[in-house]
Structures are given as structure tokens and as C-alpha cells.
Q: 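Sending over a structure as C-alpha cells; questions will come in a sec.
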Amino acid sequence: MSVLAGRPSSLAMQRGVVGGVLLVLLWEGVARSLALPSYVLPAVSDIFVSIWSTRALLVEAAAYTLCEAVSGYLLGCAIGIGLAVAITMLPVTRGFMLPAATAVNSVPVVAYSPLILLWFGIGIASKIVMVAMAVSFTVFLSTLAGLDRVDRRSVDLMRSFGAGRFSILWRLRLPTALPLMLAGMRVSTVRGILVAIVTEMLGAYDGLGWVIYQAVLKIDFIQVWSAIFVASAASLLFFGLLGVVERRTLFWK
Amino acid sequence: MTFGSRALPSLDRGGRALTAFPAGGVLRLAFALAAVAVVWEASVVLFGIKPHSLPRLSSIFQAMLATPRAYIDGFLRTLTETLIGFATGGAFGILIGIAFFRLRTLREMIFPVFVVSQTIPVIAFGALVVLWFGNTLVAKAVIAFYLTFFPVTVNTLLGLESVDPRQAALLRSFGASSRQLLLRLQLPTALPQIFVALRLASSLSLVGAIVGEWFGDTTGLGVLLLQAMYNENFVAIWAALLVSALLGTGFYAVVAVVERRLVFWGAEQ
């Protein structure tokens, strides 16, 4: 498992950088030497030039999308963690909640976006709801898995010292659940941005998805690529941020 | 462990809740579905819920029966796209996983690129894919493929890495070739992990197919959803949602059943 985890060795990092640089060079070379039209594959350098010249538009769109994604993400995490904790505290609800959550999730989340757009309008609210839906289920399941991982004997021990339900939750269950919970939250970051962009493409006033959609309509494929690059950078940023939060919070690992 | 891997076992739990019905459980499932249907219908009628919020279940079924061809065609079309994307993505993911396992340098050079590629919102990419491949079935399958291969690659690699080196050494000492080693020891050991990813991929490939259809097409569940949205036809949206749910759940269940057959010794989760 160590391959994908923790800090890669410096050699691995170097090779990763070399791989990335090689890819960019290959791309640039292919696009230049075959003189591919921009709707097939524009050269990387052209894309960066375009990003720089339309930076005002792109930064604003990225900020808009990130704002939607982060709000929806926080809401979704709160719902997911809240539900998981509620189920743990009231085991009676489990038999009902788990199948219900699974049933809602059996429809691919993007399929809900037409309905959500009609319900909440094409403003920012519909995107927040969509991101929250996409994020909450993953966070819910991983938090629940984490909370369930608690050793029975530890619970019994704490109980024998007179600990109540809430102190068991706060001092034992949540810290035990934290690694899985955070892993779920980290995976959800990219998903959250993706869903925000998808929903924007179906209807929005601003944002990266909207920019991409407009560029497609105008057959401006360099602009499409620019927006893709910016979206990818935003996702990486968000993902990296959660990675830092995770490392800070799980200091004992 | 960066992307899916650690959260995947937890997804597994939800999945099991859905598919782990023992033999007699089919009846219970049917009963539960009937109960949900009755509660749905009754609460809409009793509380006077507007179709805008939630239409009656019976009117949704009526809408489906009024134009069954559209839904059947859409179902089949989306199913085809999903299956092609899933099969190619799964196969590619497993092959690349094995290649990464064998060739460390290759992995260290390309894996980061793969990780970055997954942060590209595939939907944005979809516009380009449709442009490259035309508005065809292939374009949608490519999008489904793109969403599918990465989790499979990661989990194949993780599964292969989890092989006990002493077992490999033992087999080798009996003269096993590296091909035998792969087929007899490494792949079977990795299989539970691979299936965790395949189950996740089953729903991801459906997402890819549906979203791919939004870039313009005439048949498919994604098209039905989009048309219903433009017409503000809530009954039609719900009808398309239910058919998507049927497709998603059915496909997932099939993968889970295949998993139980192949990984008969059980995943160690």
C-alpha cells in the first residue's frame, strides 16, 4: 500500500516529474509537428498563452465554482457525518436509514441534476445541493465504517468507568473513526468539484462549467482546454488542502 | 493509498446492504419495494403534494407505459455504452495495474500523470471526446472508460502489492515461471481488491454514459433526462430517474453476484 501513500521517495518524485515533463513535451511535439488543428489537439503552449490572456475570466469562474463546491462540500460532510453519528447513537434507525441511503444513491448522482435545477433554479443553490448530495453519501459510508470499527471491549471499559454515550462518542468513537472519515472526505473533494462543473454545464450564470459550455458553443477549443486546465488545478488544490488537513489532524499516524 | 482505495471497503458496506439478500430475501426485497410504492402513492395523495415536488408513482408508470419504446430504447442504448466503457476500462485498468506492478520505473513515471488526469472533470473532457469521436456510441463509451480505468488500476496495484513475498519465493523455489506466479498467486490474491474497484466502476461507468449523452444525442437515459428538464416535465424526469436507478442497481448487483462466484473464498474485509 505504501506505493500510493505517504511521502514518496525523492527518486520516485523525480521520476514523477520526469514523467509529467515528458508528457508535456510529447504533447507539444505531436501537436506542433503534425500541425494539428486546435479542435483536435492544441499545443500546450497555446493553451497556457490562452489561460494567461483570459486570466480574469478564468479566475473569476474558478472562484465561483470553488465557492459552490466548498459550500456544498461542507454541507455534505456535515450531513454525512451527522447521519452516521445519529445512526450510531440510535441503532434502531439503522435498519431503515442504511437501505434508504443506498436506494437514493443507486441513481447516479448526476442524473439528479435536471430535477435539482428545476427545484432550486439555475443560481448557486442548485449546485450547492448537488455537491452536498454527491459528497454526503461517501462521507456517510466511510464515517459509519469508521465508527463501527471501535473495539467492543474499549466501549465496555469506558462504560465501566461510568462514561456516558456522548463521552464515548466524543473520546472513543470519533477519534477511532477519524482516519476513515478523513479518507472519505479527501476522496470526495474531486467528486465535489466535478459535480459542480457538471451541474453548471446544464444551467448556470457563471463558473468553469459555464465557461466550458460557452466555449463549446463557440467552437473555441483552446478556451475549453484552458478551462479544463484551470479546473484540474482547482481540484488538485482542494485535494491537496484536504491532504494537509488530514496530516495535521491525524498527527498520531 | 491516495485515491479510492481506503474508502472503497466502506462503499462495499452500502453495496452489501443492497445485494446481500439471501435466497429468501428476494421476497423481502419485493415486499420492501411494494411498501415504498404504497407509502409514496399514499403520501402524495393524502398530503396533496404537488407534482412539482413529487409526482404520484402511478402517474410516473403511466408516463412510462404511454411511450414504452423511448424508455426501452434509452435503457438499451445507455446499457450498451455503459457495458463497453466498463469492459474496456476494467480490462485496461487490470493490465496497466499489472504493468505498473512489474515495472517500477514506469509506475513512478506515469502514475502521477494518471492521478492528475483524474482531477480533470471528465465532463469538461466530454466535450472534446464527443468532438474527437463524433456523436457516436463510441464517444460515450470512451467517457465511461475514462471514469472506470483509474480505480481499477489503483486497486489492482494494491492487490498485487499485498501478495506475501514468502509465498512468491516459495513458488519460485519450485520453479514457477513469472507467468505462473501471476496467474496462480498474484492475481487470485488481488482479486478481492479488484472487485471492490469493479463494483465502484460499475456505477461510475453509468455516470459517464449518461453525462456523455448530454453533449447531444437522440436516444439514451441522459437524453430523456435532459428533454424532460427542458420541458419542465417532472413526471418524465422521475420516470427517467427510476429507469436509471433500475439500470444502476441491476448492473451493480450483477457485478456483485459475479464477485461472489469468482471470489468464493470471500474478501477479507
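Just so it is clear, the structure is predicted and the values come from calculations on it, not from any experiment. Note that these values count all heavy atoms, side chains included, but never hydrogens, waters or copies made by symmetry.
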Q: Quick check on B/Leu225 against chain A: is it the side chain, the backbone, both or neither that has a heavy atom closer than 4.5 Å?
A: both
Q: Under a 4.5 Å cutoff for heavy-atom pairs, which residue among A/Phe229, A/Trp225, A/Phe238 has the most contacts with chain B?
A: A/Trp225
Q: What distance do B/Met109 atom CE and A/Leu23 atom CG have between them, rounded to the nearest 0.5 Å?
A: 10.0 Å
Q: To check you understand the geometry: which heavy-atom pair defines the closest contact between A/Ala111 and B/Leu241, and what is its length?
A: O-CD2, 3.5 Å
Q: Can you measure from CG (A/Leu117) to CD1 (B/Ile237) and round to the nearest 0.5 angstrom?
A: 9.0 Å
Q: Under a 4.5 Å cut-off applied to non-hydrogen side-chain atoms, are B/Phe234 and A/Pro114 in contact?
A: no
Q: Using the rule given for side chain to side chain contact (heavy atoms under 4.5 Å, CB included), can you reason through A/Ser113 versus B/Trp214, listing the C-alpha separation, both sets of side-chain angles and the distance that settles it, and then say yes or no?
A: CA-CA 12 Å; A/Ser113 47; B/Trp214 286 347; 3.3 Å; yes
Q: Which residue out of A/Leu41, A/Leu118, A/Thr189 racks up the most heavy-atom pairs below 4.5 Å with chain B?
A: A/Leu118
Q: Nearest 0.5 Å, please: how far is OH in B/Tyr230 from CG in A/Leu202?
A: 6.0 Å
Q: Any side-chain heavy-atom pair from A/Val109 and B/Val207 closer than 4.5 angstrom?
A: no
Q: Within a reach of under 6.0 Å around CG of A/Leu22, are more than 12 heavy atoms found that belong to other residues, nucleotides or ligands?
A: yes
